[in-house]
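Chain letters run A, B, ... following the sequence lines, proteins first and then strands; every chain starts at 1.
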Amino acid sequence: MAENSFQKIYTVVRQIPKGRVTTYGQIAHLVGNPRMSRVVGYALHVNPEPGVIPCHRVVNRKGELSGAFAFGGLGQQHLLLEAEGIEFLPDGRVDLRRYMWYGPEE
DNA sequence: TTAATGACCTATC
DNA sequence: CGATAGGCCATTA
């Protein structure tokens, strides 16, 4: 099935521990294709199962969340991440140095 | 099947 | 340091 790639991405995103964030490139790396970063964004864009897939824990390389949020907006993103204990920098980004999730190894 | 698009990343000017 | 260009992969039309 062509959705295999998507399924893998959703699985990885679902495995993200609470109170932690990761980047599209990192997810792509966990999926097995470090260059699938764009496809990762596309997979979350369609977001076939909102509420099940914590897209708010997926940020870009800078630590910023994508402008198009399928959950309800950046406001929801801010609340969700804050509710998980994540602090936001004055720039509106997340501190990847502390909350960057490097994989199921933890 | 070909062409175009995209919630990205990296390199260069 | 900030902005621009190109590249990579999969999905959709």
Here the ring-ring contact (aromatic ring centres under 6.0 Å, His included) pairs for residues 35-66 of chain A, sequence neighbours left out, are His56(A)-Phe71(A)
First locate atom CD of Gln26(A), then atom CG of Leu96(A), and finally report the distance between them rounded to the nearest 0.5 Å. 10.5 Å
Contacts to DNA chain C from residues 41-76 of chain A, heavy-atom cutoff under 4.0 Å, which residues? Tyr42(A)
Which residue pairs pass the ring-ring contact (aromatic ring centres under 6.0 Å, His included) test when at least one of the two sits in residues 79-106 of chain A, sequence neighbours left out? His78(A)-Phe88(A)
To the nearest 0.5 Å, tell me how far Ile16(A) CD1 sits from Arg20(A) CZ. 11.0 Å
Who are the salt bridge (Lys or Arg N to Asp or Glu O under 4.0 Å) partners of Arg98(A), not counting sequence neighbours? none
Does Leu81(A) reach the side chain of Val21(A), with side-chain heavy atoms less than 4.5 Å apart? yes
Sequence neighbours excluded, the answer for side-chain hydrogen bond (donor to acceptor under 3.5 Å, both in side chains) partners of Glu84(A) is Arg57(A)
Check DNA chain C against residues 15-38 of chain A and give the residues with a non-hydrogen atom under 4.0 Å, in numerical order. Arg35(A), Met36(A), Arg38(A)
Contact boundaries of DNA chain B with chain A (under 4.0 Å, heavy atoms), 5' to 3'? dG6(B) to dT10(B)
Output the residues of residues 85-92 of chain A in contact with DNA chain B, where contact means a heavy atom of the residue under 4.0 Å from an atom of the strand; sort by number or write none. none
Below 3.5 Å, can you tabulate the donor-acceptor pairs from side chains in residues 31-41 of chain A to any protein atom, sequence neighbours excluded?
none

Send over the distance from Phe6(A) CZ to dC9(C) C1', rounded to a whole Å. 11 Å
Rounded at 0.5 Å granularity, tell me how far CZ in Arg93(A) sits from CD in Glu87(A). 15.0 Å
Identify each donor-acceptor pair in which a side-chain atom of residues 59-69 of chain A lies under 3.5 Å from a protein atom, sequence neighbours left out, and give them as a table.
| residue | atom | partner | partner atom | Å |
| --- | --- | --- | --- | --- |
| Asn60(A) | OD1 | Lys62(A) | N | 3.1 |
| Asn60(A) | OD1 | Gly63(A) | N | 3.0 |
| Asn60(A) | OD1 | Glu64(A) | N | 2.8 |
| Asn60(A) | ND2 | Glu64(A) | O | 3.4 |
| Ser66(A) | OG | Tyr24(A) | OH | 2.5 |

How long is the span from the CG atom in Asn47(A) to the CZ atom in Phe6(A), to the nearest 0.5 Å? 11.0 Å
Is there a path of hydrophobic side-chain contacts, each under 4.5 Å between heavy atoms, that joins Leu74(A) and Ile86(A)? yes
